[in-house]
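The structure appears below as structure tokens.
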Amino acid sequence: MSTPHVVVVMGVAGTGKTTIGPLLAAELGVPYAEGDDFHPPANIAKMSAGTPLGDADRWPWLDAIGQWAHSRAGLGGVVSSSALKRAYRDRLRAEAPGAVFLHLTGDRALIERRMAGRKGHFMPTALLDSQFATLQPLQEDEAGVRVDVSGTPEEITDRAVAALRRLEN
């Protein structure tokens, strides 16, 4: 990408945000920030217990991610965030107007298999249904691209870089 954008890697749990984010950042030559690291302990405790977060839980988390993205404006960066609802993405854009979204999408069965194979992650597969129910895909007026998560992490990253470059043109 010619202009250093902040890319928000979004999607439901298990789509590979934590895997693709660092690979994308390395490919683009910018820093990566793990969105889960911005959650307060109360959010992690709720999700670990199988309780979905409500909007009130998410606002401070989204604000913290947005502040990081704002600090990278003009410098570039990649950060992960589920950003499932349009309102969440609007809140991120309010902090970082130039942010571009990379929506990782995929077949529910594939995503569930990947989630079941994860070790040491606080998000149980039981919350996947609530994630899909909450998801509002990127709209045409939102700066971003959708990339399918089938294939290897390297293939997904290559598709993401290509899609982001096409977005610039």
Side-chain angles (χ1 to χ4, degrees), residues 5-22 24 32-70 77-151 153 156 159-160 163-164 167:
H5 291 282
V6 173
V7 178
V8 179
V9 182
M10 64 167 282
V12 300
T15 53
K17 296 180 295 290
T18 299
T19 300
I20 302 306
L24 179 63
Y32 171 72
E34 171 55 52
D36 287 342
D37 294 343
F38 294 90
H39 275 297
N43 283 9
I44 292 174
K46 261 184 136 169
M47 290 183 285
S48 296
T51 304
L53 298 180
D55 287 351
D57 301 312
R58 285 192 172 97
W59 298 137
W61 172 65
L62 290 165
D63 290 343
I65 291 171
Q67 289 162 8
W68 183 88
H70 177 80
V78 175
V79 62
S80 60
S81 170
S82 53
L84 298 176
K85 289 184 180 179
R86 170 72 185 248
Y88 304 163
R89 296 188 298 272
D90 289 345
R91 189 141 180 157
L92 290 170
R93 275 190 295 270
E95 287 285 336
V100 173
F101 291 85
L102 169 62
H103 183 181
L104 299 178
T105 65
D107 174 74
R108 190 195 186 289
L110 170 65
I111 293 167
E112 187 171 15
R113 280 194 308 277
R114 288 183 178 174
M115 280 185 78
R118 296 195 301 194
K119 302 280 187 251
H121 196 277
F122 59 82
M123 178 71 83
T125 57
L127 290 182
L128 190 55
D129 285 336
S130 73
Q131 293 258 304
F132 273 106
T134 301
L135 177 64
Q136 296 172 344
L138 280 177
Q139 302 299 301
E140 289 194 19
D141 65 330
E142 294 183 89
V145 295
R146 294 172 54 117
V147 172
D148 183 77
V149 296
S150 58
I156 298 163
R159 285 196 302 269
L164 289 165
L167 186 65

Margin query: Set out, in order, the CA-CA distance, both residues' side-chain angles and the distance that settles side-chain contact (heavy atoms from CB on, under 4.5 Å) for Ser82 and Tyr88, then state yes or no.
Written below: CA-CA 9 Å; Ser82 53; Tyr88 304 163; 5.6 Å; no

Item checked: Evaluation steps, side-chain contact (heavy atoms from CB on, under 4.5 Å), between Met10 and Leu138 -> CA-CA 10 Å; Met10 64 167 282; Leu138 280 177; 4.0 Å; yes

Next item on the list: Under the side-chain contact (heavy atoms from CB on, under 4.5 Å) rule, what do Leu92 and Val79 come out as? Steps first, then yes or no, please.
Entry: CA-CA 11 Å; Leu92 290 170; Val79 62; over 6 Å; no

Next item on the list: Report the C-alpha distance between Val8 and Arg89 in whole Å, list the side-chain angles of each, state the deciding distance to 0.1 Å, and finish with yes or no for side-chain contact (heavy atoms from CB on, under 4.5 Å).
Entry: CA-CA 9 Å; Val8 179; Arg89 296 188 298 272; over 6 Å; no

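You'll find the side chain of Asp55 reaches within 4.5 Å of the side chain of Lys85, heavy atoms only. The shortest side-chain heavy-atom distance between Arg108 and Val12 does not fall under the 4.5 Å cut-off. With a 4.5 Å cut-off on side-chain heavy atoms, Asp107 and Ser150 do not count as touching. Looking at heavy atoms from C-beta onward, Leu167 lies out of side-chain contact with His5 at the 4.5 angstrom threshold. Proximity of Gln67 to Phe38: side-chain heavy atoms (C-beta onward) are nowhere separated by under 4.5 Å. Inter-residue side-chain proximity for Arg159 and Val145 is flagged as unmet; no heavy-atom pair is nearer than 4.5 Å. Looking at heavy atoms from C-beta onward, His39 lies in side-chain contact with Leu53 at the 4.5 angstrom threshold. Within the 4.5 Å cutoff, no side-chain heavy atoms of Ile156 are placed close to those of Thr19.
Counting all heavy atoms, side chain and backbone alike, Ala96 lies closest to Ala69 at CB-CB, 3.6 Å. Asp57 and Asn43 make their closest contact through O-ND2, 3.1 Å (heavy atoms, listed as atom of the first residue, atom of the second, distance). Closest heavy-atom contact between Leu102 and Val147: CD1-CG2, 3.4 Å. The minimum heavy-atom distance linking Tyr32 with Thr18 is given by the pair OH-CA, 3.7 Å. Counting all heavy atoms, side chain and backbone alike, Phe132 lies closest to Gly106 at CZ-O, 4.4 Å. Listed here is the closest heavy atom pair of Ala13 and Ile111: O-CG2, 3.2 Å.
To the nearest 0.5 Å, the span separating CG on Asp36 from CD1 on Ile65 amounts to 8.0 Å. With rounding to the nearest 0.5 Å, the separation of CG in Leu110 from CG in Asp148 is 8.0 Å.
Remark: the backbone N or O of Gly35 is paired with a side-chain donor or acceptor of Ser80 at under 3.5 angstrom. In terms of modelled atom types and a separation under 3.5 Å, the side chain of Gln136 and the main chain of Arg86 share a donor-acceptor contact.
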